[in-house]
Amino acid sequence: MNSEFQQEQKRVDRVIETITERISRLEKDTSRHRNEVVQIRKHFWDEVKVNVDTFDDYLETIIGLRQEAQALSVSQSTHRHASKRLAALRRMQEIPYFGRIDFMEGGTSTPEQVYIGISTLTDESGEHFLIYDWRAPVSSVYYDYQPGPANYVTPGGVIEGQLEKKWQYLIRGGTLQSMFDTSLTIGDEILQQVLGKGTDKHMHNIVATIQQEQNRIIRHDRGRLLIVHGAAGSGKTSAALQRIAYLLYKYRDSLNADQIILFSPNSMFNSYVSNVLPELGEENMQQVTFQEYLDHRLSKQFQIEHPYDQLEYVLTASNTPVYKSRVASIRFKASTAFFEAIHSYRKSLELAGMVFKGISFRGTSIVTAQQIADRFYSHDTSLRFHNRLEKLKDWLIKQIEEAEKAERKKPWVQEEIELLSNEEYHEAYTYLAKKRGFKEEDIADYDMEPKALAQLIVRQKLTPLRKRIRAFRFIDIKGIYKQLFVDPLQIQQWLEKTPAEWTDICRLTVNALDEDKLLYEDATPFLLMKELILGFQTNSSIKHIIVDEAQDYSPFQFEFLKRLFPWAKMTVLGDFNQAIFAHASEMVDFQTLTSLYGSAETNVINLTRSYRSTKPIIEFTRRLIPNGDRIVPFERDGKRPVLTQLSDHADLHRCIASKVADWRQQGYHSIAIICKSAEESNRAYEALSSIEDIKLLKNGSLEYEQGVVVIPSYLSKGIEFDAVIIYDASQQVYGDESLRRVFYTACTRAMHDLQLYSVGEPSPLLQNALQEHLIQA
């Protein structure tokens, strides 16, 4: 083994020598290409003779411009590719590869040694591979098979063969620290080492530790919709990010990062995952939260409630009079039944019910709302809905033109003319002269008629009205949506059943709309209503969307996303045991999503193995949820979670400060004190402010911070910490069954250590774990 180890180290040395030579060469090339780009930009116009005297001169100018622009584009592209390759090689200098397979293709007598790393490397001839990219077809054998019969898929067909051996390497700084023959070693040694380490402020790529079930997600390439339902810590998000890198590699000629969107849970999560793709030499995809999209589309008209404010209300306002009605409203407006009702309501507007805004100018009505409605419902009713609206718009523009003629003779126009400054008068004079065909040198000969100036002034004053009409702002979308709730009985014509609290729901909705507020549960339905009336603003350039923490989205929102990105494939990742929003009951599991594209276009992958936490933590957390026995812990030893019962909050804060000091001494870099809500987080942060460098993470935090943080349960989703303190796991705080998923989510953030405190009687949610001695009390 020793001589074999030495041989492998020699190979590492040779590979790093090759990488170093390539880096040196590329640095010179990159510098040269950069200078070329700078020079072309600097002298761009020197190289082009601009002459438009004759058509031939004009044509020559255009051709010259095109040639220079093409040269610049080629130089920029060459520089970009060289820079990207240079960055990959620099990363490979540290860790050139992490695995090897000895694969004997059918029909051959000797196995090929295939070394696998984050990027391809060939020898000087370019014919022999020193390292294969982890995304190459042959590399899938490394992730999918143990020694024995194996195959992989190439564009030319399936390659059958025999996997003779599989090795894992741990190389750091160019030194081979260890190597494992995985056919002889029990367990995944590299994975054990990676999971045993501390966290930092960014998620990292997992290409060296991808498991077989994660590889299925990464390389999946069938159908429109891939649903990944995975336990907490099963590597869903990591696999999804490697999936993006794989797609960018496989379809590099037809797909770029700008054509992929990741819908993430919050801005802090965006920061947390921002390193993964650059580590693999790929550009980051677009990242957005669904709330950011809603704000982009609706915030000019409304103050939109943030989803976390809605959740905060659900977690803290259970004693308020309208609580039950509000929760019923959240659930109902998330349903596909309400989605269909909105569609039916829009359809009914073809016959009656459209609400319009009258058009006035200088305090005088040009067309009343009633006149617009009468016109809409009495003319061109055989046309399609959107065509009727186009015709109505054209008619309104004509009404503006008629009004314009009448306005020109009114006294206010003469007053406006008299108030013009010299500069404004000169601008109007020049504009009208050019409009009449006068050239620059002949403008002084133009004799401006007062009538023409009056016409110009009136037209300019009416321009904002024309813009409003062309943008269909004469349609009162808010009034149309509100109309659905003004009469609680109206919706019954499109729905078989309404919630028992429907009358209260209607009152809540109308009150919010009257204050120009849009409750979060109304934001997507309102936008759908708007799109159905005005026409969908679809995005056809996006080819793939990834929805993380998908259990937080309603069926309504998924239907909306499908229509928003009509040509995109969708990857949906989530865990229903972490479904903490009030609308979660509307989507019992992801099977309801198969109706989006049909079962033939939908594939479901379940991840049951959890890697984040130690085995004792997983054995505890899986007892907190129904069917938790389906979750399989990875074999990583650790301490049992601890529950400490205290008599008051003063004692609680002393214990937390002491525990944080102990963990810091153990070398933990990230310690989270997780509270149920933002309200509880604020109180905890104030009480624990004596802890050095303690930070409060709240909605709106843009970056995930390391160190000791106080954080609400719902903001901690998707993030992992070395050690976690559950601030108060008492019956008073977590006494309600509805909080089971919130509690489970908070506990599953811990990688190595989990400490629960309870001021008074512990939560009944802990009963099973206590009875089975899975938690140290």
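Heads up: numbering here begins at 1 and tracks the sequence.
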Check: Which is it for L528 and F556 under the side-chain contact (heavy atoms from CB on, under 4.5 Å) test, yes or no, and what are the steps along the way?
Finding: CA-CA 9 Å; L528 175 70; F556 198 119; 3.5 Å; yes
Margin query: Checking L311 against H306 for the side-chain contact (heavy atoms from CB on, under 4.5 Å) test, could you report, in this order, the C-alpha distance in whole Å, the side-chain angles of both residues, the deciding distance, and whether it holds?
Written below: CA-CA 9 Å; L311 185 54; H306 194 281; over 6 Å; no
Notebook entry, point to check: Is there a side-chain contact (heavy atoms from CB on, under 4.5 Å) between V367 and L396 once you walk through the steps?
Noted result: CA-CA 8 Å; V367 192; L396 286 170; 4.0 Å; yes
Note to self: Go through it in stages, so that I can follow the logic: the residues are D221 and Y251, the test is side-chain hydrogen bond (donor to acceptor under 3.5 Å, both in side chains), and I'd like the CA-CA distance, side-chain angles, deciding distance and then a yes or no.
What the structure shows: CA-CA 11 Å; D221 212 5; Y251 299 106; 2.2 Å; yes
Next item on the list: Go through the steps for M354 and I480 under the test side-chain contact (heavy atoms from CB on, under 4.5 Å), then give the verdict.
Entry: CA-CA 6 Å; M354 282 289 283; I480 294 167; 3.9 Å; yes
Next item on the list: Give the C-alpha distance, both sets of side-chain angles, the deciding distance and a yes or no for side-chain hydrogen bond (donor to acceptor under 3.5 Å, both in side chains) between T571 and R243.
Entry: CA-CA 10 Å; T571 301; R243 173 168 170 70; 3.1 Å; yes
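Outside the 6.0 Å centre-distance limit, the rings of W395 and F376 are not counted as a close aromatic pair.
Of the charged side-chain nitrogens involved, at least one lies within less than 4.0 Å of a carboxylate oxygen, so that R563 and E559 count as a salt-bridged pair. Under a 4.0 Å N-O distance rule, the pair K391/D394 does not qualify as a salt bridge.
The closest side-chain heavy-atom distance from K717 to I580 is below 4.5 Å. A 4.5 Å side-chain heavy-atom check between L241 and M285 finds at least one atom pair inside the cut-off. With a 4.5 Å cut-off on side-chain heavy atoms, F356 and R375 do not count as touching. Contact of the Y553 side chain with the F263 side chain is registered, since non-hydrogen atoms from C-beta on lie closer than 4.5 Å. Residues F485 and W502 form a side-chain contact, since some pair of their non-hydrogen atoms from C-beta on lies under 4.5 Å apart. By the 4.5 Å heavy-atom criterion applied to side chains, F361 and I400 are not counted as neighbours.
A donor-acceptor pair shorter than 3.5 Å cannot be found between the side chains of S264 and D548. No side-chain donor from either of T524 and K333 sits under 3.5 Å from a side-chain acceptor of the other. Between E401 and Q399, the side chains place no donor N or O within less than 3.5 Å of an acceptor N or O (distance only, hydrogens not considered). Side-chain atoms of S541 and N539 form a donor-acceptor pair, as typed in the model, at a separation below 3.5 Å.
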Would you list the atom pairs, donor with acceptor, under 3.5 Å between side chains in residues 531-538 and any protein atom, with sequence neighbours excluded?
unit_1, atom_1, unit_2, atom_2, d
E531, OE1, R297, NH2, 2.8
E531, OE2, R297, NH1, 3.3
E531, OE2, Q537, N, 3.1

Only pairs under 3.5 Å count here: list side-chain donor-acceptor contacts from residues 487-499, not counting sequence neighbours, and write none if there are none.
unit_1, atom_1, unit_2, atom_2, d
D487, OD1, L489, N, 3.0
Q493, NE2, Q490, O, 2.9

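Looking only at distances, a side-chain donor or acceptor of S335 sits under 3.5 Å from a matching main-chain atom of F338. Looking only at distances, no side-chain donor or acceptor of S329 sits under 3.5 Å from a matching main-chain atom of S325. For the pair E292 (side chain) and T289 (backbone), a donor-acceptor distance under 3.5 Å is present. T381 contributes no side-chain N or O that, together with a main-chain N or O of Y377, makes up a donor-acceptor pair within less than 3.5 Å. For the pair E601 (side chain) and G223 (backbone), a donor-acceptor distance under 3.5 Å is absent.
Within 6.0 Å of atom CH2 in W412, more than 12 heavy atoms from other residues, nucleotides or ligands are found, so the atom counts as buried in its surroundings. The environment of R384 atom CZ is sparse: at most 12 non-hydrogen atoms of other residues, nucleotides or ligands sit within 6.0 angstrom. The 12-atom threshold is exceeded at CD of Q301, counting heavy atoms of other residues, nucleotides or ligands nearer than 6.0 Å.
Scanning both residues, S360 and S365, for their nearest heavy atoms gives OG-CA, 3.7 Å. Among all heavy-atom pairs drawn from V288 and Y293, the shortest one is CG2-N, 4.3 Å. A pairwise comparison of heavy atoms in E283 and A257 identifies O-CB, 3.6 Å as the closest pair. Taking every heavy atom of both residues into account, L392 and F474 meet most closely at CD2-CE1, 3.7 Å. What you find for G358 and I372 is that their closest heavy atoms are CA-CD1, 4.4 Å. Pairing each heavy atom of I366 with each of L465, the nearest pair is CD1-CD1, 4.0 Å.
In this structure Q259 satisfies the side-chain contact (heavy atoms from CB on, under 4.5 Å) test together with L255, N256, K543, sequence neighbours excluded. E515 is linked by a salt bridge (Lys or Arg N to Asp or Glu O under 4.0 Å) to K517, counting only residues two or more places apart in sequence or in another chain. Listed by chain and number, the residues in a ring pair (Phe, Tyr, Trp, His ring centres under 6.0 Å) with Y714 are Y308 (sequence neighbours excluded). Listed by chain and residue number, R473 satisfy the side-chain contact (heavy atoms from CB on, under 4.5 Å) test with A471 (two or more places apart in sequence, or in another chain). Partners of K482 under the salt bridge (Lys or Arg N to Asp or Glu O under 4.0 Å) rule, at least two apart in sequence or in another chain, are D514. Every residue two or more places apart in sequence or in another chain was checked for a ring pair (Phe, Tyr, Trp, His ring centres under 6.0 Å) with F565, and none qualifies. For the salt bridge (Lys or Arg N to Asp or Glu O under 4.0 Å) test, residues two or more places apart in sequence or in another chain that qualify with E305 are R326. Not counting sequence neighbours, the partners of A245 by the side-chain contact (heavy atoms from CB on, under 4.5 Å) test are W134, R135, L277, L280, E282. Residues forming a side-chain contact (heavy atoms from CB on, under 4.5 Å) with K409 (at least two apart in sequence, or on another chain): none.
For residues 457-468, the side chain to side chain donor-acceptor pair (under 3.5 Å) pairs, not counting sequence neighbours, are E404-R459, E404-R466.
Note that CD1 of I359 and CD1 of I469 are 3.5 Å apart. Values are rounded to the nearest 0.5 Å. Taking CG from L484 and CZ from F526, the interatomic distance works out to 12.0 Å, rounded to the nearest 0.5 Å. Atoms CD and CG, from E549 and L573 in turn, are 8.5 Å apart once rounded to the nearest 0.5 Å. Taken to the nearest 0.5 Å, the CG atom of L564 stands 9.5 Å off from the CD1 atom of I542. The line from CD of E521 to OG of S554 is 10.5 Å long, rounded to the nearest 0.5 Å. To the nearest 0.5 angstrom, L519 atom CG is 10.0 Å from N511 atom CG.
Figure legend: R346 and F385 shown as a cation-pi pair, the cationic atom lying under 6.0 angstrom from the six-membered ring centre and within 45 degrees of its axis.
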